[in-house]
**Student:** 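Sending over a structure as structure tokens; questions will come in a sec.
Throughout, residue positions are numbered sequentially from 1 according to the sequence presented. Keep in mind that the numbers below use all heavy atoms, side chains included, and drop hydrogens, waters and symmetry copies.
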Amino acid sequence: MTEVEDPKKLEPEPPSDPPPPAPDVVQEKVAIPPPPPTEEKPVPAEAEKESTEGSVGRDAVLARVTTEKRVSLVKAWEESEKSKAENKTQKKLSSIAAWENSKKAALEVELRKTEEKLEKQKAEYVEKMKNKIAFIHKEAEEKKAMVEAKRGEDVLKAEELAAKYRATGTTPKTIVGCF
């Protein structure tokens with residue numbers, strides 16, 4: 001664990017650029033003394049080991065950052081593709097729903113037309129049947145009238161014959177009744 005922490009400590013932070021001075025402000029230049037010269041000492045073996053461990057740690061951190069970057073790019077691409085697939089699915093579903101609604105509406109119109117046609121045919125048939133009933137009633141009335149007229153004629157004929165028989169004093173040749 002200390003090896004991983006050490007490379008982080010060894011990693012220099014990026015220098016931040018100071019903002020440019022305002023033109024109104026007069027800057028005082030302060031002389032910064034140069035750092036004391038460092039003496040070149042021979043690097044002990046442990047120091048070399050730490051520097052190589054530091055570069056190895058730095059390489060590991062860089063590799064991890066690269067991997068994380070790649071993973072985040074893959075994740076972003078995956079989310080994008082999922083979003084595209086979802087949008088495409090929603091578009092297709094809405095077009096299917098629109099198609100279904102249009103087909104239903106067309107069938108409902110056809111059903112209404114068929115119902116109207118059947119209602120019209122029914123009305124025509126009812127009218128035709130009523131006309132037949134009226135015609136039959138008319139024929140029945142005519143037949144009843146003929147029967148009544150015939151009965152009237154028969155009654156008149158019977159009265160005339162009865163008057164004739166009374167006048168002549170004869171009896172009819174046919175005997176009616178079961179006395």
**Student:** Of all residues at least two apart in sequence or in a different chain, which pass the side-chain hydrogen bond (donor to acceptor under 3.5 Å, both in side chains) check with E124?
**Tutor:**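 Checked E124 against side-chain hydrogen bond (donor to acceptor under 3.5 Å, both in side chains); zero matches.
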**Student:** Salt-bridged, R151 to E148, with N to O below 4.0 Å?
**Tutor:**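 Salt bridge: yes.
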**Student:** Looking at M129, I'd like to know if its CE atom is crowded, meaning that more than 12 non-hydrogen atoms belonging to other residues, nucleotides or ligands lie closer than 6.0 Å.
**Tutor:**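 Yes.
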**Student:** So, are E160 and K157 salt-bridged, with charged N and O less than 4.0 Å apart?
**Tutor:**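 Here E160 does not pair with K157 in a salt bridge, since their nearest N and O are not under 4.0 Å apart.
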**Student:** Roughly how far, to the nearest 0.5 Å, is OG1 of T66 from CG of D59?
**Tutor:**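 Output value for this atom pair is 10.0 Å.
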**Student:** With distance as the sole test, does S80 use its side chain to make a donor-acceptor pair with the main-chain N or O of A76 at under 3.5 Å?
**Tutor:**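 Judged by distance alone, no pair lies under 3.5 Å.
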**Student:** For S83 and E79, indicate whether the former's side chain and the latter's backbone hold a donor-acceptor pair under 3.5 Å.
**Tutor:**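 Such a contact is absent between S83 side chain and E79 backbone.
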**Student:** Who pairs with T170 by side-chain hydrogen bond (donor to acceptor under 3.5 Å, both in side chains), at least two apart in sequence or on another chain?
**Tutor:**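 Listed in chain order: T168.
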**Student:** How far does OG1 of T114 sit from CD of E119, to the nearest 0.5 angstrom?
**Tutor:**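 Output value for this atom pair is 12.0 Å.
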**Student:** How many angstroms lie between atom CG of N101 and atom CD of E108, to the nearest 0.5 angstrom?
**Tutor:**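 Taking CG in N101 and CD in E108, the distance rounds to 9.5 Å.
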**Student:** Rounded to the nearest 0.5 Å, what's the gap from CD on E159 to CZ on R166? Could you check?
**Tutor:**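 Rounded to the nearest 0.5 Å, the CD-CZ separation comes to 9.0 Å.
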**Student:** Check whether any side-chain heavy atom of L118 lies under 4.5 Å from a side-chain heavy atom of E115, and answer yes or no.
**Tutor:**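 Contact flag for L118/E115 side chains = no.
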**Student:** Taking atom CD of E81 as the centre, does the number of heavy atoms from other residues, nucleotides or ligands within less than 6.0 Å exceed 12?
**Tutor:**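 Yes.
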**Student:** Tell me, do V147 and K144 make a side-chain contact under 4.5 Å, heavy atoms counted?
**Tutor:**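 Heavy-atom side-chain distance check fails, nothing below 4.5 Å.
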**Student:** Once rounded to the nearest 0.5 Å, what's the spacing between atom CH2 of W99 and atom NZ of K104?
**Tutor:**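 It comes to 10.5 Å.
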**Student:** Can you name the residues that form a side-chain hydrogen bond (donor to acceptor under 3.5 Å, both in side chains) with E78, not counting sequence neighbours?
**Tutor:**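 Applying side-chain hydrogen bond (donor to acceptor under 3.5 Å, both in side chains) to E78 gives K82.
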**Student:** So do the side chains of K88 and K92 get within less than 4.5 Å of each other, counting heavy atoms only?
**Tutor:**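 Touching, per the 4.5 Å side-chain cut-off.
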**Student:** Would you compute the distance between atom CD of E116 and atom NZ of K120 and round it to the nearest 0.5 angstrom?
**Tutor:**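 Result: 10.0 Å between the selected atoms.
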